[in-house]
Peer 1: 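My questions will all concern the structure given below.
Hydrogens, waters and symmetry mates are skipped; everything else that's a heavy atom, side chains included, is used.
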Amino acid sequence: MTDPGRASVAAHLPYLRRYARALTGSQAAGDACVRGCLEALLADPDRDRAQMMSRADLFVLFHKVHERLVLPPDDFADDDDLLEDPLDRGVAQRVRGLSERNRQVLLLTHTEGFPIPEVARIIGESQEMTVDMLNRAWDQLRAQPSAQVLVIEDEPIIALDIAGILKDMGHDVIGVAATSDQAIALAKARKPSLVLADVQLEDGSTGIDAAARILEMLSVPVVFVTAYPERLLTGERIEPAFLVAKPFEPQTLEVAVSQALLCGAEANILRQPKVA
């Protein structure tokens, strides 16, 4: 494997992992698909060519692996023991009721930023069908019920922008917190059904710590909004399933919020690993 090839694939991996987690609603399931993708890449006899593939090519390969690894919906219904973590089983039960193709198109377009021709190539559909699936996906998202949202953000202008997007989606913003302590107090008092959290806050605290404390009190999905998404996508520790990079387009935030609400609180992977 050449050094340029290794660097080429490595540069795309954090965002492939973000996509895989958002698609499956689970760090474990998403990372399993990414591992399968890398194994397929390493098995290519022309390894140098394989490692120099473009970002779109890498996503094409991921989808081929994903289709082989993800169990059909009926398998989940008959054998939940295939997923050892009960929280991941909860995600699987929700995800199976959705149109996976529609979710793929939505995430590839608005989270990963691929143009429609590349999205069509990645999922193996015509451009006309891809546009139709994108439209149907937005119809599904707009039919979601209203959520009570707590925003954790220390930049007033960004907080105002996020609140406006959420209100346009039909959700209620129950409070905006600039510090971890404020967020925890608001969550305790107002009991949100969704949390949007920046990572670095003005007093040196973090949205990660705030979200972890909130999840000790409430079972709610969490979406992180950060200027440094790669720092939360290293694979070295427990990480968020729903992540939006600053600066963001309104539709990108809408997709992340809607996907988090569809998967539910069981998708959170901020819980601590079990201690033997």
Side-chain angles (χ1 to χ4, degrees), residues 1-70 100-131 133-134 137-138 223-236 239-256 258-259:
M1 186 187 303
T2 64
D3 288 339
R6 190 179 298 115
S8 175
V9 171
H12 305 317
L13 276 181
Y15 304 100
L16 182 64
R17 297 177 71 236
R18 173 179 65 182
Y19 171 70
R21 292 170 184 196
L23 182 64
T24 62
S26 163
Q27 178 179 359
D31 285 358
C33 290
V34 173
R35 281 195 301 273
C37 178
L38 293 178
E39 289 168 359
L41 196 60
L42 291 171
D44 191 308
D46 189 356
R47 193 174 293 180
D48 285 348
R49 179 196 59 78
Q51 293 297 327
M52 291 300 291
M53 64 171 46
S54 69
R55 180 169 175 253
D57 290 335
L58 186 61
F59 274 71
V60 169
L61 178 60
F62 169 84
H63 271 260
K64 291 177 180 178
V65 172
H66 175 65
E67 290 171 1
R68 295 199 304 266
L69 290 180
V70 175
E100 184 173 4
R101 274 300 208 218
N102 291 358
R103 291 199 324 277
Q104 290 172 353
V105 172
L106 197 67
L107 292 168
L108 287 168
T109 303
H110 295 297
T111 299
E112 301 307 325
F114 286 107
I116 288 296
E118 287 196 336
V119 174
R121 182 166 75 88
I122 289 168
I123 67 172
E125 296 283 359
S126 68
Q127 292 187 40
E128 182 180 9
M129 179 63 71
T130 300
V131 171
M133 287 188 287
L134 181 61
W138 276 113
V223 176
F224 282 96
V225 183
T226 175
Y228 306 101
E230 65 279 359
R231 295 181 184 177
L232 296 178
L233 293 169
T234 63
E236 297 174 354
E239 299 166 349
F242 304 106
L243 188 62
V244 175
K246 295 178 181 177
F248 55 83
E249 295 293 330
Q251 288 181 321
T252 302
L253 187 65
E254 290 180 44
V255 169
S258 298
Q259 182 72 355

Peer 1: Any idea which heavy atoms bring His12 and Ser54 closest together, and the distance?
Peer 2: NE2-C, 4.1 Å
Peer 1: Which residue, His110, Gln251, Glu254, forms the side chain to side chain donor-acceptor pair (under 3.5 Å) with Trp138?
Peer 2: His110
Peer 1: Identify the two heavy atoms, one from Thr111 and one from Arg18, that lie closest to each other, and give their separation to 0.1 Å.
Peer 2: O-NH2, 3.4 Å
Peer 1: How far apart are the C-alpha atoms of Ile123 and Met133, what are their side-chain angles, what is the distance that settles it, and do they pass the side-chain contact (heavy atoms from CB on, under 4.5 Å) test?
Peer 2: CA-CA 11 Å; Ile123 67 172; Met133 287 188 287; 3.4 Å; yes
Peer 1: Does Glu118 reach the main-chain N or O of Ala56 with its side chain, forming a donor-acceptor pair under 3.5 Å?
Peer 2: no
Peer 1: Is there a side-chain contact between Val223 and Leu243, using heavy atoms and a 4.5 Å cut-off?
Peer 2: no
Peer 1: How close do Val65 and Ala40 get, counting heavy atoms only, and between which atoms?
Peer 2: CG2-CB, 4.2 Å
Peer 1: Please examine the side chains of Ile116 and Leu134, heavy atoms only from C-beta on, and report whether any two atoms are closer than 4.5 Å.
Peer 2: yes
Peer 1: Yes or no on side-chain contact (heavy atoms from CB on, under 4.5 Å) for Leu13 and Leu16, after CA distance, side-chain angles and deciding distance?
Peer 2: CA-CA 5 Å; Leu13 276 181; Leu16 182 64; 4.3 Å; yes
Peer 1: Supply the atom-to-atom distance Arg17 CZ to Arg21 CZ, rounded to the nearest 0.5 angstrom.
Peer 2: 4.0 Å
Peer 1: Going through the distances and angles, do Val105 and Arg101 end up as a side-chain contact (heavy atoms from CB on, under 4.5 Å)?
Peer 2: CA-CA 6 Å; Val105 172; Arg101 274 300 208 218; 5.7 Å; no
Peer 1: Below 30° counts as parallel, above 60° as perpendicular, anything between as tilted: where do the rings of Phe59 and Tyr19 land?
Peer 2: tilted
Peer 1: Relative to each other, are the rings of His63 and His66 parallel, tilted or perpendicular (30° and 60° limits)?
Peer 2: perpendicular
Peer 1: Between Gln259 and Leu23, which heavy-atom pair has the shortest distance, and what is it?
Peer 2: NE2-O, 3.8 Å
Peer 1: Using a 4.5 Å cut-off on heavy atoms from C-beta on, say whether the side chain of Thr24 contacts that of Arg103.
Peer 2: no
Peer 1: Looking only at heavy atoms, which two atoms of Ala20 and Gly30 are closest? And how far apart?
Peer 2: CB-O, 3.4 Å
Peer 1: Tell me, do Glu112 and Leu107 make a side-chain contact under 4.5 Å, heavy atoms counted?
Peer 2: no
Peer 1: Measuring from Phe62:CZ to Leu38:CG, what's the distance to the nearest 0.5 Å?
Peer 2: 10.5 Å
Peer 1: Is it true that the NZ or CZ of Arg55 lies under 6.0 Å from the centre of Phe114's six-membered ring and within 45 degrees of the ring axis?
Peer 2: yes
